Amino acid sequence: LAEADRMPKGLKITNRLNDLLYDGDWIAGVDYADDDYNSDDSTYKTVDSDETDNDSVPDLMERDESDDSSNSDDEDDDDDWSQYDHINAEELDELNEPVNEEFFDLNANDFEDDTFNYKVILPNEPNDEENNEDSEPNDETNTEPTEEEQEETNPNQPTTTTRTGRNVRPPARLNLFQEEEQHAEVKEYTFMQAKIMARVIQHYSDRFETEYNFLQHYSLQKGLKVFGDRGSQAAMKEMKQLHDRKVFTPVKLHDLNIVEKKRALESLIFLTEKRDGSVKARTCANGSTQREYIDRDQAASPTASTDSIIITAVIDAKQGRDVMTADVPNAFVQCDIEQIDGKRIVMKIRGALVDMLVEMDPEKYKEHVVYHGKQKVLYVVMLKGLYGMLISSLLYYKRFVDDITKIGFELNPYDPCCANRMIEGKQHTITWHVDDVKSSHMHPLVNDKFHKWLEETYGEDGIGKVKCVRGDKHDYLAMVLDYSIPGKLRLDMREYVKGMIDDFPEKLGVNKTCPWTEKLFRVDESAKPLDEKKRKTFHTFVMKGMFLCKRARQDIQPAIAFLSTRTSEPNEGDYRKLYRLLCYLNYTKEDVATLEADDTNTLNWYIDASFAVHPDMKSHTGAVFSMGKGVITSGSTKQKVNCRSSTEAELVGIDDYITKILWTALFLEHQGFKIKANIAHRDNTSSIKLEENGKASSGKRTRHFLIRYFYVTDLVKRGLLTLKYCPTQKMVGDYMTKPLVGYETFENN
């Protein structure tokens with residue numbers, strides 16, 4: 001609105017008494033009241049008889065009853081203002097002409113009321129109405145009002161009398177009617193203009209009040225406010241499952257020993273809205289306190305690696321397998337729990353959850369309820385595992401592995417969450433991440449039987465059922481595995497990208513065709529550090545980007561690799577780089593990665609390094625792996641040591657990824673596939689000679705290289721790795737080593 005009226009920046013608004021209503025330079029939380037008053041009590045302002053009464057100006061927003069009654073007709077809200085509801089700022093220029101008061105059925109004198117007349121102070125402009133400092137003061141201004149006048153000006157504000165006889169009143173902190181002495185030109189808005197401006201502001205304020213709940217978890221109290229009855233029903237359903245499955249049993253407080261009381265876990269419950277619009281509740285225990293007395297090896301549970309999930313999914317698409325995904329219900333609570341050091345595991349349930357349990361079974365729970373202050377608390381002994389307890393995931397993993405081993409599955413030694421068995425001469429492969437299982441076989445009947453087995457083993461108790469998904473599309477671990485195109489796997493994370501864009505607190509500007517500039521790896525030391533709110537936003541979205549770049553959007557990995565090193569002390573320059581990356585994601589939010597394996601049984605790795613591209617002169621390594629078309633896995637990492645040449649940087653680069661190169665080949669071999677060639681493509685001939693011949697090709701400039709960097713030489717001699725020269729123009733790994741800029745280069749990579 002200020003720009004529409006061609007006002008300069010730094011807008012200030014006052015009323016006719018020069019009371020400052022709004023100052024664009026104000027900072028929230030700062031008290032701008034005058035410090036010219038002295039008082040025995042710092043929480044009060046004093047009005048002396050010898051002082052001027054500039055601070056006793058009446059509160060214009062709270063007029064007395066006599067003023068309200070006299071102008072009640074003037075503030076009639078029955079006028080039809082609908083014609084101005086959608087007015088835009090450009091049309092306000094037409095409203096600068098004086099308005100005809102008769103249209104509002106108001107007297108001319110009514111517009112002199114201070115409530116309806118506002119002045120806009122334009123900074124750095126002279127004010128003819130304001131008295132010069134050299135002019136004589138107004139006697140009326142310096143006359144102190146009587147106590148009756150003070151009560152009339154602000155009847156709601158109490159006044160007290162100190163021992164010295166002075167009248168005091170509380171300070172108006174964060175008062176909008178603070179005075180500021182400055183020279184300015186004054187422009188008055190009419191009542192009609194002021195009301196239209198208010199409607200425009202309210203219109204856009206209501207329009208943009210939107211909340212997004214994409215994959216966001218809420219506590220019980222907050223979740224009930226957000227989801228209402230749906231949240232309450234979800235929490236009740238969750239607690240009923242725990243009650244029906246006999247996950248815990250109540251215990252009286254005096255029956256617990258000192259150690260059990262000390263180790264008692266706090267219960268937590270979270271609510272979240274799923275993609276289908278349903279609300280899900282998850283009860284868990286705060287098991288962080290268990291780290292003090294549980295060994296790490298007893299609390300760590302294996303999970304399937306992202307690489308093995310994507311690799312097996314590409315093989316499923318190549319062979320045209322039937323794919324099934326399943327969700328085991330209440331996986332942890334199906335595992336019997338053991339005592340730790342001979343002590344029972346105790347959990348405390350508080351508040352509304354206690355009421356839910358008492359409502360389900362009063363005879364079982366009511367007599368065990370105790371009060372801690374005013375809060376209800378129920379102590380229970382855990383009989384089965386629960387989410388959050390350190391030993392729960394390992395207990396379930398051991399049970400699941402024991403169950404699938406009994407029906408003929410064998411674990412892949414290079415991924416303990418991938419298993420295979422042969423049925424009718426064809427391979428049946430399963431991978432799982434905790435309770436999310438993916439199964440594939442050439443014959444759909446095999447998956448039907450496996451689903452039936454899962455239901456009999458984990459769902460046949462009348463409480464929960466194994467959820468099974470069949471067909472070409474599977475929502476699995478935040479990725480949509482799309483098999484709709486024969487022979488190809490499409491990794492779809494468009495909903496995740498859109499959720500990131502919607503959750504970002506700032507409106508994204510112009511879409512970017514490139515996610516970075518050539519200054520990506522440079523740190524602007526002169527930029528201001530981020531405040532606490534922006535720092536948390538920066539950290540959150542970098543971590544979201546890291547989850548994304550390891551799966552379906554590996555094209556943003558170089559940016560995330562750098563920004564992840566800046567999460568501890570980010571500045572405005574880093575925030576701008578994140579902002580540009582999100583603008584690029586907004587531009588490419590419909591992109592879907594397509595992966596395909598060819599018939600050569602060849603593993604192709606493209607490994608490259610950029611020499612001294614970081615401010616500390618360290619190099620950067622990039623790696624890309626493909627089985628035909630598309631990038632299955634990739635990496636972009638800053639090297640940990642400084643190198644003296646590009647050849648040395650190339651040698652360090654392949655050493656950084658040699659373990660992953662070997663793991664991929666060994667994993668696929670134990671999946672039953674014969675690897676004809678495991679090729680590392682390189683674009684530096686000097687490094688190829690050193691990697692093939694070792695110290696035999698070393699000269700004066702390379703004799704200082706460490707022996708560990710020639711481990712690849714042994715792999716070449718043993719036939720486990722083949723080195724092949726690749727021209728720089730075809731080196732796709734170069735994309736991961738530095739911020740490439742330019743449409744042609746970017747599209748080719």
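Since the structure is predicted, the reported quantities are computational estimates derived from the model, not experimental observations.
Not counting sequence neighbours, the partners of Lys738 by the salt bridge (charged side-chain N to carboxylate O under 4.0 Å, His left out) test are Asp734. Lys660 meets the salt bridge (charged side-chain N to carboxylate O under 4.0 Å, His left out) test with Asp307; sequence neighbours excluded. For Asp472, the salt bridge (charged side-chain N to carboxylate O under 4.0 Å, His left out) criterion is met by no residue, not counting sequence neighbours.
Side chains of Gln639 and Asp656: no donor on one and acceptor on the other come within 3.5 Å. Counting only N and O atoms by type, the side chains of Asp555 and Tyr584 include a donor and acceptor under 3.5 Å apart.
Ring centers of Phe400 and Trp432: under 6.0 Å apart, within the cut-off. Between His428 and Phe450, the ring center distance clears the sub-6.0 Å criterion.
Residues Ala609 and Ala649 approach most closely at CB-O, 3.6 Å, considering heavy atoms. Nearest approach of Gln671 to Cys418, heavy atoms of both residues: OE1-SG, 3.4 Å.
With Ile310 as the partner, the side chain to side chain contact (heavy atoms under 4.5 Å, CB included) test is satisfied by one option alone out of Ile315, Leu491, Val631, Thr633: Leu491.
Here the CZ-CZ distance, from Phe547 to Arg553, works out to 14.5 Å after rounding to the nearest 0.5 Å.
Within a 6.0 Å sphere centred on CD of Gln319, heavy atoms belonging to other residues, nucleotides or ligands number more than 12.
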Could you go through the side-chain contact (heavy atoms from CB on, under 4.5 Å) check for Ile311 and Ile632 one step at a time? CA-CA 7 Å; Ile311 290 174; Ile632 293 179; 3.8 Å; yes
